[in-house]
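The structure presented is a predicted model; accordingly, all values stated were derived computationally and were not measured. Below, each value reflects all heavy atoms present in this structure, side chains not excepted, and no hydrogens, waters or symmetry copies.
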Amino acid sequence: MTEETTEAGGAATEGTNGTGEASAEEAGAAGKASAEEPGTGKAAAGETAPRRRGRPSRKAAADGPDARTRILEAARTEFAERGYDKTSVRGIAKAAGVDAALVHHYFGTKDGVFAAAVELTFEPALVLPAVLDGPPEGLGERLAAFFLSVWEDPGTRTPLLAILRSAVTHEAAANVLRDFVLRRLLERIAAELDVPDPTLRAELAASHMLGIVMLRYVVRAEPLASADPAEIVAMVAPTLQRYVAGR
């Protein structure tokens, strides 16, 4: 055998384990190369590209609520149980089963999550057309009955109380609640009032009902705390009617 043939044979077998099979490292490199389009570094057709960090998998979306909904539900629970100050974006993410980066992706900051949670919590209270429709002389009674029905429901009362407590103790939470209530609730009521100073009147009506909330559900002052809701509505309705109708 010539020297050239011997060298060629050695080059052909170089990189094998002596059995003619490629080494594990070379096999892995070849697999990686075949999974990518030549010269692009991108996954070839039929291959699944790695998911970006923080985004929910398709399986998670298929098996339950989408990530944004899970984050909001977790945020509402965290704020209700821990209050605004002790709730963190990391804690919300952990409760929702997502990366904290995804919370920032959807809502930006803790205040953004809180604002979205407030809106979710107040969603039942946004069904105002049913309250605003009807004879003007019964608006005060309808408002009182609707307001109390939202607070009497344990499903909405617990997160509402947490939001109210947070707003009392934290300025950022108060700003979120104030902006939301003014923008989404009171302005809608004021727009339906055919009286002077409708916004002021709507705020006075809301302040009256919030005072009842504080004494009935937070302080739990008796006999208001255990009074029948229908009795409260009957006694409060004339005052609310004066606020919203001017008579």
Side-chain angles (χ1 to χ4, degrees), residues 76 79-80 83-84 111 114-247:
R76 189 165 71 163
F79 284 121
Y84 185 90
D111 287 352
F114 182 75
V118 168
E119 184 165 354
L120 177 66
T121 301
F122 270 90
E123 190 173 3
L126 298 179
V127 193
L128 285 176
V131 179
L132 297 174
D133 291 343
E137 59 272 14
L139 180 57
E141 181 178 359
R142 294 195 301 274
L143 283 173
F146 178 74
F147 191 89
L148 276 180
S149 70
V150 171
W151 284 90
E152 284 294 306
D153 181 357
T156 53
R157 180 172 66 243
T158 299
L160 283 172
L161 283 175
I163 290 170
L164 187 60
R165 292 190 184 105
S166 297
V168 170
T169 60
H170 199 283
E171 182 61 26
N175 288 336
V176 169
L177 182 60
R178 180 168 55 246
D179 291 345
F180 177 79
V181 170
L182 289 176
R183 178 172 57 89
R184 297 294 299 274
L185 296 179
L186 296 185
E187 286 185 358
R188 292 178 63 184
I189 295 174
E192 299 295 324
L193 303 182
D194 187 19
V195 291
D197 301 317
T199 301
L200 176 60
R201 290 176 178 273
E203 291 180 357
L204 286 171
S207 68
H208 194 103
M209 296 306 298
L210 284 175
I212 293 175
V213 166
M214 290 296 293
L215 286 175
R216 180 175 172 85
Y217 303 106
V218 179
V219 179
R220 300 194 62 81
E222 294 291 354
L224 180 60
S226 57
D228 185 85
E231 182 181 3
I232 298 174
V233 170
M235 297 182 72
V236 170
T239 301
L240 295 185
Q241 185 67 24
R242 183 169 60 84
Y243 284 140
V244 298
R247 57 184 183 275

Worksheet, complete the sentence: For P198 and A190 the tightest heavy-atom approach is CB-O, 3.5 Å
Item to complete: For L215 and R220, run side chain to side chain contact (heavy atoms under 4.5 Å, CB included): C-alpha distance rounded to whole Å, both residues' side-chain angles, the deciding distance at 0.1 Å, then the answer.
Response: CA-CA 5 Å; L215 286 175; R220 300 194 62 81; over 6 Å; no
Worksheet item: Would you say the side-chain atoms of R142 pair up with the backbone N or O of P135, donor to acceptor, closer than 3.5 Å?
Response: yes
Fill in: Short side-chain to backbone donor-acceptor contact, R216 and L224, under 3.5 Å
yes
Worksheet, complete the sentence: CE of M209 to CZ of F146, rounded to nearest 0.5 Å, is 11.0 Å
Worksheet item: Is there side-chain contact between L139 and L193, with heavy atoms separated by less than 4.5 Å?
Response: yes
Discussion item. Within this structure, what is the CZ-CG distance for the pair F114 and N175, rounded to the nearest 0.5 Å?
Written reply: 10.5 Å
Worksheet item: Any side-chain heavy atom of E152 sitting closer than 4.5 Å to one from Y217?
Response: yes
Practice prompt. Give a yes or no on whether D194 atom CG has more than 12 heavy-atom contacts from other residues, nucleotides or ligands under 6.0 Å away.
Written response: no
Worksheet item: Between the side chain of R157 and the main-chain N/O of W151, is any donor-acceptor distance below 3.5 Å?
Response: yes
Fill in: Shortest non-hydrogen contact from L240 toward A144
CD1-CB, 3.6 Å
Discussion item. How close do P229 and L148 get, counting heavy atoms only, and between which atoms?
Written reply: O-CD1, 3.7 Å
Worksheet item: Is a side-chain N or O of R201 found less than 3.5 angstrom from the main chain of V244, in a donor-acceptor match?
Response: no
Item to complete: Taking all heavy atoms of A205 and all of Y243, pick out the closest pair and write down the distance.
Response: CA-CD1, 3.7 Å
Item to complete: Could you check if a side-chain atom of L210 sits within less than 4.5 angstrom of a side-chain atom of F147, using non-hydrogen atoms only?
Response: yes
Worksheet item: Would you say Q241's side chain and P136's backbone share a donor-acceptor pair under 3.5 angstrom?
Response: yes
Worksheet entry | S226 side chain to E222 side chain, donor-acceptor N/O pair below 3.5 angstrom | yes
